Amino acid sequence: MEFNVPDMSCGHCAGVITQTVKQLDAGATVHIDLPAKKVTVETTQDPQTVAAALTSAGYPPN
Ligand SMILES: [Cu+2]
């Protein structure tokens with residue numbers, strides 16, 4: 001699944017997003033494309049759950 005996260009602007013944001021996803025699913029794979037503000041996630045969680053967690057962390061996907 002792929003998310004656009006416009007508020008993600010630096011390595012710190014990328015780290016928070018990665019940790020947020022891994023708290024939901026420790027086995028998740030997270031790939032961050034910072035210039036494109038794109039987050040690619042491979043997880044067993046459903047997209048709504050991941051999107052809600054990112055929103056709670058301060059990085060709402062659009
Ligand atoms: Cu940042």
Side-chain angles (χ1 to χ4, degrees):
M1 64 188 78
E2 236 177 54
F3 300 98
N4 285 308
V5 184
D7 293 342
M8 177 176 74
S9 57
C10 71
H12 172 258
C13 302
V16 171
I17 287 167
T18 300
Q19 288 313 307
T20 299
V21 173
K22 288 189 181 265
Q23 272 170 20
L24 287 175
D25 175 6
T29 303
V30 183
H31 179 75
I32 307 258
D33 185 338
L34 205 48
K37 302 196 183 300
K38 197 191 290 180
V39 179
T40 306
V41 179
E42 279 174 44
T43 176
T44 54
Q45 299 288 317
D46 60 71
Q48 292 90 339
T49 303
V50 177
L54 292 178
T55 299
S56 299
Y59 299 102
N62 63 10

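Just so it is clear, the model here is predicted, and its values are computed rather than measured.
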Would you mind writing out the side-chain donor-acceptor pairs for residues 27-40 within the sub-3.5 Å range, not counting sequence neighbours?
| residue | atom | partner | partner atom | Å |
| --- | --- | --- | --- | --- |
| D33 | OD1 | A36 | N | 3.2 |
| K37 | NZ | M8 | O | 2.9 |

Where at least one partner belongs to residues 47-62, residue pairs that pass side-chain hydrogen bond (donor to acceptor under 3.5 Å, both in side chains), sequence neighbours excluded |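 Residue pairs with at least one partner in residues 47-62: D46-T49.
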Would you mind listing every side-chain hydrogen bond (donor to acceptor under 3.5 Å, both in side chains) that reaches into residues 2-20, with sequence neighbours excluded?
->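 Output for this query is empty, none listed.
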List the atom of F3, the atom of A51, and the distance in Å for their closest heavy-atom pair.
->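 Nearest pair, atom of F3 first, then A51: CE2-CB, 4.0 Å.
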So do the side chains of V5 and I17 get within less than 4.5 Å of each other, counting heavy atoms only?
->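 A side-chain contact under 4.5 Å exists here.
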